[in-house]
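A quick note: this is a predicted structure, and the numbers were derived from the prediction, not measured.
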Amino acid sequence: MASIGSWLRVVQSEKDRASELESDFEYRQRWITIRLVYVSGFLMFLSFGVVTTGLWPYLQDMDPTVGKAFLSVVFAAPPTGQLLFSPLIGWCSNRLSSIRVPFVLLTALFVFGNALYSVVELFPVPYRKYVILLSRFVFGVSTSINTLSRAYISTATKLSERTGAISMSSLAQTFGLAIGPIIQAALSAIGKDGFMWYGLRINMYTMAGWICAIVGVVYIMLLNPSCFVHRTIAAQEAMKTIGCSKATDTYEPLKMFSIWTVMNGYSVLMFFYVSVQTALSPISLDQFGWSHEESLYYLGILITGGTLCSCAVFLLLPQLCKRFQEHNVFLFFAMLPLFISQVVMIPVGSNTIPMFDSSSNNRSTAGGCPVEQEWCNFIPSINQYQLTVSYTMLCVSFSVGIAISQTILSKLLGTRPQGNWMALYTSIGGLTRIVGPASVVVYVRFGTYWLFGLGATVSGLVLAWMWCYKSHLRTTKKKSQTSELQQMTGQE
């Protein structure tokens with residue numbers, strides 16, 4: 001309880017005070033700012049979760065002529081905006097003395113994008129779908145704030161603090177993603193007709209956008225200079241350890257092979273996570289014969305369970321990294337579960353896939369594999385236990401992977417400004433969110449053997465590659481670890 005109270009009060013421990021790197025007041029300022037940075041991740045993923053759930057029916061209500069092809073374009077708009085603007089944001093962060101102004105500007109874009117999403121009905125019908133597209137693109141640009149967050153946490157934390165800080169940042173994002181669909185479900189009580197208020201329609205869809213916009217305005221108020229104070233400590237810690245007077249003297253040569261190995265592992269992890277998330281609904285409808293209502297219900301339970309699993313992993317990750325070296329955690333708790341998640345989904349046995357009853361005119365009430373997918377006639381079905389085990393492994397892999405890869409990357413980059421590299425890291429995430437949904441095409445045309453067979457092959461090769469070169473991912477030498485332990489013992 002004492003540690004929880006210390007965390008809430010932002011009190012510097014005696015061990016940190018003995019390092020003489022900062023005063024109690026400076027420590028408090030630094031950690032209040034870091035926790036405000038956590039909130040930005042929660043905010044962005046909250047909007048993604050709450051808006052995405054109702055995006056398709058809202059789009060149909062605004063323009064009944066719109067097709068699913070345009071829906072895919074709308075879904076690709078946010079990661080495209082992030083992909084295009086993250087490098088610019090990263091470049092700027094390396095040249096600014098404080099990230100507070102970019103934080104305010106990007107949050108203002110977040111507010112504008114969500115408000116625009118909520119007033120689409122004010123525009124003529126032919127233009128409404130393009131207004132929704134623009135609102136999602138603007139939202140995507142605002143998510144470039146994640147680049148600033150990652151770069152700042154890397155420079156505003158000590159080595160001993162970084163894993164925990166990055167885990168809490170990832171936990172905030174996951175929590176926002178979990179809360180979003182719950183809010184949208186609660187707003188369904190308002191209905192799609194809703195009510196008029198000063199010429200604006202307030203319904204279950206627009207209210208979701210207004211909630212995000214209002215929370216964004218409150219967050220901008222919290223970003224005032226008295227609360228958000230840009231403070232760094234990584235360079236000071238390195239300067240004191242090495243005994244130099246300039247931050248540039250602490251820069252170590254970049255280990256490009258190690259950096260790109262981490263980047264590749266992260267990109268593969270993100271790609272398969274996005275691809276499986278996209279294919280969950282078609283798989284459940286085809287393989288289990290569920291209706292749309294049953295699919296939403298059971299997948300909701302599965303995804304909620306996976307989210308809770310992710311939250312638990314984020315909380316346990318700092319303790320896990322104390323028992324095992326970080327590169328081993330990345331290998332055995334991220335990449336290995338990813339490989340298992342793909343292997344488990346390869347169909348086995350002799351159970352046949354239920355076929356869609358062509359006599360039924362309503363696809364939403366009758367499940368089964370459509371006759372156009374000829375592979376359903378000769379490939380065994382996937383059972384529900386396979387899906388549950390696979391998705392659990394995927395959630396563990398994703399939770400560990402996104403946190404520990406960022407931790408390893410930040411330590412490999414050292415004390416140098418990390419804006420450009422974190423921009424590349426964020427852009428990889430945006431690119432995989434654009435490319436990942438293409439896995440559905442592989443599933444529809446070739447089936448589960450190809451989809452998960454290729455997944456097992458690629459993830460297995462990456463796992464073998466990282467196993468062979470895992471020593472290159474080591475961020476702390478044994479000698480330095482020993483001296484650090486001796487220093488801690490002496491201080492105590």
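Judged as a side chain to side chain donor-acceptor pair (under 3.5 Å), and not counting sequence neighbours, Ser170 has no contacts. Every residue was checked against the ring pair (Phe, Tyr, Trp, His ring centres under 6.0 Å) condition with Phe330, not counting sequence neighbours, and none meets it. Arg30 pairs by the salt bridge (charged side-chain N to carboxylate O under 4.0 Å, His left out) definition with Glu22, Glu161, not counting sequence neighbours.
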Checklist entry - Going through the checks in order, is the side chain to side chain contact (heavy atoms under 4.5 Å, CB included) test met by Leu36 and Cys227? => result CA-CA 9 Å; Leu36 284 175; Cys227 293; 4.0 Å; yes

Next on the checklist: As a quick check of understanding, evaluate side chain to side chain contact (heavy atoms under 4.5 Å, CB included) for Leu59 and Asp63, giving each step before the final call.
Outcome noted: CA-CA 6 Å; Leu59 188 60; Asp63 187 351; 5.7 Å; no

Checklist entry - Run the side chain to side chain contact (heavy atoms under 4.5 Å, CB included) check on Thr307 and Phe175 step by step: do they pass? => result CA-CA 8 Å; Thr307 303; Phe175 189 61; over 6 Å; no

Item to check | side chain to side chain contact (heavy atoms under 4.5 Å, CB included) between Val441 and Val444, intermediate numbers included | outcome: CA-CA 5 Å; Val441 177; Val444 170; 5.9 Å; no

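Residue Asn203 comes nearest to Ile190 through the heavy atom pair CA-CG2, 3.8 Å, listed as atom of the first residue, atom of the second, then distance. Heavy-atom minimum distance, Ala234 versus Ser154: CB-O, 3.9 Å. Nearest heavy atom pair, residue Ser267 against residue Ile428, reads CB-CG2, 3.5 Å. Across Thr147 and Gly419, no two heavy atoms sit closer than the pair CG2-O, 3.8 Å. The two residues Glu326 and Thr407 have their closest heavy-atom pair at OE2-CG2, 3.6 Å. Nearest heavy atom pair, residue Leu451 against residue Ser439, reads CD1-O, 3.8 Å.
Between Cys311 atom SG and Leu171 atom CG the span is 5.0 Å, to the nearest 0.5 Å. Remark: Leu412 CG to Trp421 CH2 distance equals 10.5 Å, nearest 0.5 Å. Here Ser118 contributes atom OG and Ile202 contributes atom CD1; the two are 7.5 Å apart, rounded to the nearest 0.5 Å. Rounded to the nearest 0.5 Å, atoms CZ (Arg35) and OG (Ser40) are 14.5 Å apart. Annotation: the span from Thr163 atom OG1 to Ile408 atom CD1 amounts to 8.5 Å, rounded to 0.5 Å. The line from CD of Gln82 to OG1 of Thr426 is 6.0 Å long, rounded to the nearest 0.5 Å.
Counting only N and O atoms by type, the side chains of Thr261 and Asn264 include no donor and acceptor under 3.5 Å apart. Of the N and O atoms on the side chains of Thr174 and Ser310, not one donor lies less than 3.5 Å from an acceptor on the other residue. Checked by atom type, the side-chain pair Ser86/Tyr425 shows no donor-acceptor distance below 3.5 Å. Remark: the Ser47 side chain and the Asn114 side chain contain an N/O donor-acceptor pair separated by less than 3.5 Å. Under the 3.5 Å distance criterion, with hydrogens and angles disregarded, a donor-acceptor pair is assigned to the side chains of Arg162 and Thr157.
Contact check for Met393 versus Leu336: no side-chain heavy atoms found under the 4.5 Å cut-off. In this structure, Leu133 and Lys129 have side chains that are not in contact, with every pair of non-hydrogen atoms separated by 4.5 Å or more. In this structure, the side chains of Met62 and Val131 stay at 4.5 Å or more apart for every pair of heavy atoms. At a threshold of 4.5 Å between non-hydrogen side-chain atoms, the residues Ile153 and Ser169 count as touching. For the pair Ile183 and Leu46, the minimum side-chain heavy-atom distance is below 4.5 Å. His230 is listed as a side-chain neighbour of Tyr152, based on a closest heavy-atom distance under 4.5 Å. Side-chain atoms of Pro79 and Leu431, non-hydrogen and from C-beta on, never get closer than 4.5 Å to each other. You'll find the side chain of Val329 reaches within 4.5 Å of the side chain of Leu317, heavy atoms only.
The main-chain N or O of Ile283 is never found under 3.5 Å from a side-chain atom of Asp286 such that the two would form a donor-acceptor pair. Side-chain atoms of Ser135 come within 3.5 Å of backbone atoms of Ile132 as a donor-acceptor pair (strictly under, hydrogens ignored). Side chain of Ser390 to main chain of Ser341: a donor-acceptor pair is present (N/O by atom type, distance under 3.5 Å, no hydrogens or angles). The backbone N or O of Phe123 sits less than 3.5 Å from a side-chain atom of Arg128, completing a donor-acceptor pair. Judged by distance alone, the side chain of Gln287 and the main-chain N or O of Ile382 form a donor-acceptor pair under 3.5 Å. A distance-only check finds a donor-acceptor pair linking the side chain of Arg100 to the backbone of Leu223 [under 3.5 Å]. A donor-acceptor pair under 3.5 Å is absent between the side-chain atoms of Ser397 and the main chain of Pro337, judged by distance alone. Judged by distance alone, the side chain of Thr33 and the main-chain N or O of Val229 form a donor-acceptor pair under 3.5 Å.
The 12-atom threshold is exceeded at CZ of Phe271, counting heavy atoms of other residues, nucleotides or ligands nearer than 6.0 Å.
Of the listed residues (Leu473, Val262, Ile404), just one forms a side-chain contact (heavy atoms from CB on, under 4.5 Å) with His327, and that residue is Leu473.
The aromatic rings of Phe139 and Phe110 sit tilted relative to each other, their planes meeting at an angle between 30° and 60°. In this structure, Phe70 and Tyr130 have perpendicular ring planes: the angle between them is above 60°, well past the 30° mark.
The ring of Tyr117 has its center closer than 6.0 angstrom to the ring center of Tyr58.
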